[in-house]
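In what follows, a structure is listed as structure tokens, so that the remarks can point back to it.
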Amino acid sequence: NCDFFVTPGSEQIRATIERDGQQDVFEQIGGQVLANACGPCIGQWNRKDVKSGEKNSIISSFNRNFTGRNDGNAGTHAFVASPEIVTAMAIAGSMLFNPLKHAVIGANGKKFMFEPPTGEELPSRGFDKGTETYLAPPADGSSVAIAIDPTSDRLQVLEPFAPWDGKDMEKLPILVKVAGKCTTDHISPAGRWLKYKGHLENISNNTLIGAVNADTNQVNVTQNRITGQTGSIPDVAKQYKQSGTSWVVIGDENYGEGSAREHAALQPRFLGGRAIICRSFARIHETNLKKQGILPLTFADPSDYEKISGRDFISIVGLSKLA
């Protein structure tokens with residue numbers, strides 16, 4: 001009655017369910033066992049059953065359900081439940097289905113009720129190692145040359161970022177003042193963008209495209225404070241970079257929550273970001289910003305967030321004493 005996808009968490013899980021017969025059961029009830037890789041969980045789902053923007057609902061046992069996370073469609077309402085409940089609803093073809101109270105109709109036309117799920121916590125024969133895919137690097141890689149096609153739009157040589165010049169940061173424009181939730185999916189969406197993970201310049205075209213501008217309540221819209229022109233957030237960031245202008249972002253609570261997506265820190269640094277100033281940070285994203293040379297700063301008083309406009313300029317001084 002509906003699409004039912006099963007994503008093994010690893011090659012070992014895939015090989016084990018194939019060996020022990022669970023994969024056959026999933027396929028017999030119409031399920032499709034996907035590769036043990038990032039799939040709908042991270043937006044790698046080329047849906048054909050709904051149009052972009054069309055409101056619909058899905059349910060999964062993936063651990064994140066931000067807007068557009070699974071299929072890139074902001075109209076999709078994604079609910080999270082246990083694998084058992086997801087499977088039961090998929091078989092019934094309805095999110096109104098309650099396996100404790102409702103019956104389903106079998107292939108023979110007769111109604112039946114599900115029994116409470118049972119099973120072994122671990123496979124009795126242990127895990128199957130599956131296909132060995134690891135290729136060890138050479139012991140001495142100093143003579144290995146990496147050949148990258150300069151015309152490739154998916155791979156690009158990553159050049160080192162320029163080190164700090166030892167000076168304070170004076171009168172930096174605010175790229176955008178972000179309102180509310182800003183996950184790493186808002187900062188660097190996945191889905192169709194993942195093919196550019198090896199090309200920092202191209203994937204940076206999605207930087208903060210999911211962020212809400214606190215001044216205008218618009219998504220992916222900001223103003224270039226030098227030219228006065230309005231554009232998308234990554235376009236304005238690129239304009240600043242081309243003019244040699246560094247910038248900062250003002251964020252709200254728990255900025256950068258969600259996937260530990262390093263590109264959410266790499267991209268702002270590549271485009272000229274120098275600091276992210278927030279009420280609070282998600283721990284892993286704060287660490288990633290530090291690793292890429294962006295200052296993750298928090299307001300001493302979180303209410304000071306309200307005193308700043310995206311039209312302001314920010315100076316960060318006393319950096320030589322910061323340790």
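We use all heavy atoms of the structure for the numbers below, so side chains are in, but hydrogens, waters and symmetry mates are not. Here the structure is a predicted model, which means the values were calculated and not measured.
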Inset, instruction - State whether the side chain of Glu11 and the backbone N or O of Thr131 hold a donor-acceptor pair below 3.5 Å, judged by distance alone. - result: yes
Inset, instruction - Quick one: do Gln239 and Asn224 satisfy side-chain hydrogen bond (donor to acceptor under 3.5 Å, both in side chains)? Show the steps, please. - result: CA-CA 8 Å; Gln239 292 164 11; Asn224 185 316; 2.8 Å; yes
Legend entry - Within 6.0 angstrom of Asn217 CG, more than 12 heavy atoms from elsewhere: no
Inset, instruction - Answer yes or no: is there a donor N or O on one side and an acceptor on the other, between the side chain of Thr222 and the main chain of Leu175, under 3.5 Å? - result: yes
Inset, instruction - Taking Glu159 for its side chain and Phe161 for its backbone only, find out whether a donor-acceptor pair lies under 3.5 Å. - result: no
Inset, instruction - Answer yes or no: is there a donor N or O on one side and an acceptor on the other, between the side chain of Asn202 and the main chain of His199, under 3.5 Å? - result: no
Legend entry - Heavy-atom side-chain contact between Cys278 and Asp252 under 4.5 Å: no
Inset, instruction - Compare every heavy atom of Ser60 with every heavy atom of Val86, then report the nearest pair and how far apart it is. - result: CG2-C, 3.5 Å
Legend entry - Pair Asp185 + Arg261, salt bridge at N-O below 4.0 Å: yes
Inset, instruction - Measure from the side-chain N and O atoms of Asp168 to the backbone N and O of Val317, and report whether any donor-acceptor pair falls under 3.5 Å. - result: no
Legend entry - Hydrophobic cluster identity match, Ile58 and Phe5, side-chain contacts under 4.5 Å: yes
Inset, instruction - Determine whether Ile146 and Leu155 fall in the same hydrophobic cluster, where Ile, Leu, Val, Met, Phe, Trp and Tyr are linked whenever their side-chain heavy atoms lie under 4.5 Å apart. - result: yes
Inset, instruction - Using distance alone, with no hydrogens and no angle criterion, decide if Thr76 and Asn56 have a side-chain donor and acceptor under 3.5 Å apart. - result: yes
Legend entry - Approximate separation, where rounding is to 0.5 Å, of Gln267 CD and Trp193 CH2: 9.0 Å
Inset, instruction - First locate atom SG of Cys41, then atom CG of Asn65, and finally report the distance between them rounded to the nearest 0.5 Å. - result: 10.5 Å
Inset, instruction - Just do the side chain to side chain contact (heavy atoms under 4.5 Å, CB included) check on Ser57 and Met95 with the steps written out, would you? - result: CA-CA 9 Å; Ser57 295; Met95 293 178 65; 3.8 Å; yes
Inset, instruction - Start with the C-alpha distance between Ser152 and Asp149, add both sets of side-chain angles, then the distance that settles side-chain hydrogen bond (donor to acceptor under 3.5 Å, both in side chains), and finish with yes or no. - result: CA-CA 5 Å; Ser152 172; Asp149 184 348; over 6 Å; no
Legend entry - Within 45° cone of Phe270 ring axis and under 6.0 Å: Lys241 NZ or CZ: yes
Inset, instruction - Enter the distance from Phe114:CZ to Thr87:OG1 here, rounded to the nearest 0.5 Å. - result: 9.0 Å
Legend entry - Flag for Ser52-Asn73: side-chain donor and acceptor within less than 3.5 Å: no
Inset, instruction - Hey, could you give me the OG1/CD1 distance between Thr184 and Ile187, rounded to the nearest 0.5 Å? - result: 6.5 Å
Inset, instruction - Please work out which of the three classes, parallel, tilted or perpendicular, describes the rings of Phe4 and Phe26, given edges at 30° and 60°. - result: perpendicular
Inset, instruction - Please check if Val178 and Tyr240 belong to a single hydrophobic cluster, counting links between Ile, Leu, Val, Met, Phe, Trp and Tyr side chain heavy atoms closer than 4.5 Å. - result: yes
Inset, instruction - Establish whether Leu295 and Val248 are linked, either directly or via other cluster members, by ILVMFWY side-chain heavy-atom contacts under 4.5 Å. - result: yes
Inset, instruction - Give a yes-or-no answer on whether the side chains of Arg69 and Ser259 include a donor-acceptor pair shorter than 3.5 Å. - result: yes
Legend entry - Check ion pair Asp49-Arg47 (N to O, under 4.0 angstrom): yes
Inset, instruction - Flag the pair Asp20 and Arg125 as a salt bridge only when some basic side-chain nitrogen lies within less than 4.0 angstrom of an acidic carboxylate oxygen. - result: yes
Inset, instruction - State plainly whether the residues Glu286 and Arg283 are in salt-bridge range, i.e. N to O under 4.0 Å. - result: no
Legend entry - Close side-chain approach of Ile316 and Leu297, heavy atoms under 4.5 Å: yes
Inset, instruction - Check for a donor-acceptor pair, side chain of Arg274 on one end and backbone N or O of Ser246 on the other, with a separation under 3.5 Å. - result: no
Legend entry - Side chain to side chain, Lys48 and Asn46, heavy atoms closer than 4.5 Å: yes
Inset, instruction - Taking the side chain as every heavy atom from C-beta outward, state whether Phe97 and Ile91 have any pair of such atoms under 4.5 Å apart. - result: no
Legend entry - Ile308 vs Ile174 side-chain heavy atoms within contact, under 4.5 Å: yes
Legend entry - Ionic contact status for Glu257 with Lys181, cut-off 4.0 Å: yes
Legend entry - Pair Glu262 + Lys291: basic N to acidic O under 4.0 Å: yes
Legend entry - Heavy atoms of other groups near Glu54 CD, more than 12 under 6.0 Å: yes
Inset, instruction - Quick one: do Ile250 and Phe299 satisfy side chain to side chain contact (heavy atoms under 4.5 Å, CB included)? Show the steps, please. - result: CA-CA 10 Å; Ile250 303 298; Phe299 295 107; 4.1 Å; yes
Legend entry - Close side-chain approach of Phe127 and Leu122, heavy atoms under 4.5 Å: yes
Legend entry - side chain to side chain contact (heavy atoms under 4.5 Å, CB included) evaluation trace for Asp215 with Ser309: CA-CA 7 Å; Asp215 293 328; Ser309 163; 3.8 Å; yes
Legend entry - Within 6.0 angstrom of Arg154 CZ, more than 12 heavy atoms from elsewhere: no
Inset, instruction - For the pair Lys197 and Lys195, evaluate side chain to side chain contact (heavy atoms under 4.5 Å, CB included) and give the outcome as yes or no after the intermediate values. - result: CA-CA 6 Å; Lys197 284 189 71 175; Lys195 65 182 179 181; over 6 Å; no
Inset, instruction - Could you tell me whether a side-chain N or O of Ser280 sits under 3.5 Å from a main-chain N or O of Asn254, the two making a donor and an acceptor? - result: yes
Legend entry - Geometric class of the Phe281/His285 ring pair [parallel <30°, tilted 30-60°, perpendicular >60°]: tilted
Inset, instruction - Would you confirm whether Asn70, through its side chain, and Pro40, through its main-chain N or O, come within 3.5 Å as a donor-acceptor pair? - result: yes
Legend entry - Pairwise side-chain contact, Ile277 with Tyr305, heavy-atom cut-off 4.5 Å (strictly under): no
Inset, instruction - State whether the side chain of Lys171 and the backbone N or O of Ser315 hold a donor-acceptor pair below 3.5 Å, judged by distance alone. - result: no
Legend entry - Closest non-hydrogen atom pair between Ala92 and Val104, with its separation: CB-CG1, 3.8 Å
Legend entry - Pairwise side-chain contact, Ser188 with Asn206, heavy-atom cut-off 4.5 Å (strictly under): yes
Legend entry - N/O donor-acceptor pair under 3.5 Å between Gln223 side chain and Gly228 backbone: yes
Legend entry - Taking every non-hydrogen atom, the tightest pair across Ala211 and Cys182: CB-SG, 4.3 Å
Legend entry - Cluster check Ile209, Val221: I/L/V/M/F/W/Y, side chain < 4.5 angstrom: no
Inset, instruction - Rounded to the nearest 0.5 Å, what's the gap from CZ on Phe62 to OG1 on Thr7? Could you check? - result: 4.0 Å
Inset, instruction - To the nearest 0.5 angstrom, please state how far the NZ atom of Lys238 sits from the CD1 atom of Ile233. - result: 13.0 Å
